[in-house]
Amino acid sequence: MTMKKVIPLLFAVLSAALFLSGCAGSNRQLDPAGVYAGDKILYTADATITGAYETLDTFVAWEHKHRAGLSKWPEVRSAADYVRTNAKTWIDNAITVRELYKNFPTPENRKSLEGALVILRAALDQASAYYQSRAPQTST
Amino acid sequence: MSTTTKSAAAKADADAKKIAESPLTAEQVSAMNPLQIIAITDAVLDLTEKVLSLVNDAKKGGIITTEQQLAVQTKYASLKTRADGQFAGEHWRIAPPASVQQTPPAEFLQPGQPG
C-alpha cells in the first residue's frame, strides 16, 4: 500500500512544484531594465520550461538513486522510463514554440506558447496517470 | 497574489501536509526495508523543501530584479543548448530490465556462434 499512496503524492508535489515554478512571478512585475525588458510572457515561459526540466530531472534521479530499494514496485521504474522517453520531446517542443514567439511575437504565437506551457504542465500529470495505469490494483 | 497562485500555494501546502501526515502503521513500516524507508523519506523531504521554497517565491511581492531575470535566462539558455549536460546523465538512460539476456562479449563466444 505505502508506495501506492506515496508515489501519486510525490507526483502531486512534483506537479505543484512545476506549476509554482511557472507562476512564481505571476503577481510580480519585471524590472524593465532586466534581460526580458518587461516581457512577462517570455519570462514565465523560461521559468516554466527550466522548472519543468528540474522537476523531471529530480524525479528520474531519485528513481535511479533508489532503484534497488524501489525494485518491489516496478511501476515506479516504468513511470520514470516513461519520463525518460518523453521528457526531451516535451521540453524541446516548448523551446521551439518559445523561440517562435521570441522571434515573431504575434498574438497567434503568444497563444501557441501559452498552449505549449499548459501541455508541459500536463506532462507531469500524464506521467502520474501512466504510473496509475501501471500500478497493481491490489495493495502491496 | 493572484487567485491561481494562491490556490497552487494552498494545494502545495496541503500536499506537504498530506505527506507529513501520511499514516504509516507500525506493520507497514516494519514490512519495509531500510533502503525503502530512506528512499521515500529522502524524496519526500527533497520535494517538500523544493515546493516550500517555490511557495515562498510565489508569495513574494515586488519586482523581479535584473539579477533574477538573468538567472532564469541563463538557465534557459543552458537547457536549450544542453550546456550543462541536460538529459545526458546516467539517470536519464533507460537501462534494460535485469531479466534481459545480454549478448556475451566476443571473447566468450564459441567459434561459429553469432555475435
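None of these values were measured; they are calculated from a predicted model. Just so it is clear: chains get the letters A, B, ... in the order the sequence lines come, proteins before strands, and each one is counted from 1. Side chains are part of it too, since the values below use all heavy atoms of this structure and drop only hydrogens, waters and symmetry mates.
Both B:Leu70 and A:Ile41 are assigned to one and the same hydrophobic cluster, defined by single-linkage of ILVMFWY side chains at heavy-atom distances under 4.5 Å. Follow the hydrophobic side-chain contacts under 4.5 Å out from A:Leu120 and you never reach A:Leu100; the two are in separate clusters.
Ring geometry for A:Tyr53 versus B:Trp92: interplanar angle under 30°, hence parallel rather than tilted (30 to 60°).
Annotation: side chain of B:Ile94 is in contact with side chain of A:Thr85 (closest heavy-atom distance under 4.5 Å). Within the 4.5 Å cutoff, side-chain heavy atoms of A:Tyr36 are placed close to those of B:Val72. Using a 4.5 Å heavy-atom threshold, the side chains of B:His91 and A:Asp57 count as touching.
Heavy atoms closer than 4.5 Å to chain B are found nowhere in A:Leu42, neither backbone nor side chain. For a residue to count as touching a neighbouring chain, one of its non-hydrogen atoms must lie under 4.5 Å from one of that chain's; by this rule A:Ala87 touches chain B with backbone and side chain alike. Interface residue B:Glu90: backbone and side-chain heavy atoms are both found under 4.5 Å from chain A. Using a 4.5 Å cut-off between heavy atoms, A:Ala94 makes no contact with chain B at all.
Using a cutoff of 4.0 Å between basic side-chain nitrogens and carboxylate oxygens, A:Asp92 and B:Arg82 are scored as salt-bridged.
Contacts with chain A (heavy atom to heavy atom, under 4.5 Å) involve these residues of residues 73-80 of chain B, listed by number: B:Gln73, B:Lys75, B:Tyr76, B:Leu79, B:Lys80.
Nearest heavy-atom pair, B:Ala95 versus A:Arg67, reported as atom, atom and distance to 0.1 Å: CB-NH1, 3.9 Å.
Side chain of B:Arg93 to main chain of A:Arg84: no donor-acceptor pair is present (N/O by atom type, distance under 3.5 Å, no hydrogens or angles). Side chain of B:Gln69 to backbone of A:Asp31: a donor-acceptor contact under 3.5 angstrom is found.
Contact tally against chain B (heavy-atom pairs below 4.5 Å) for A:Ile49, A:Asp81, A:Ile95: the top residue is A:Ile95.
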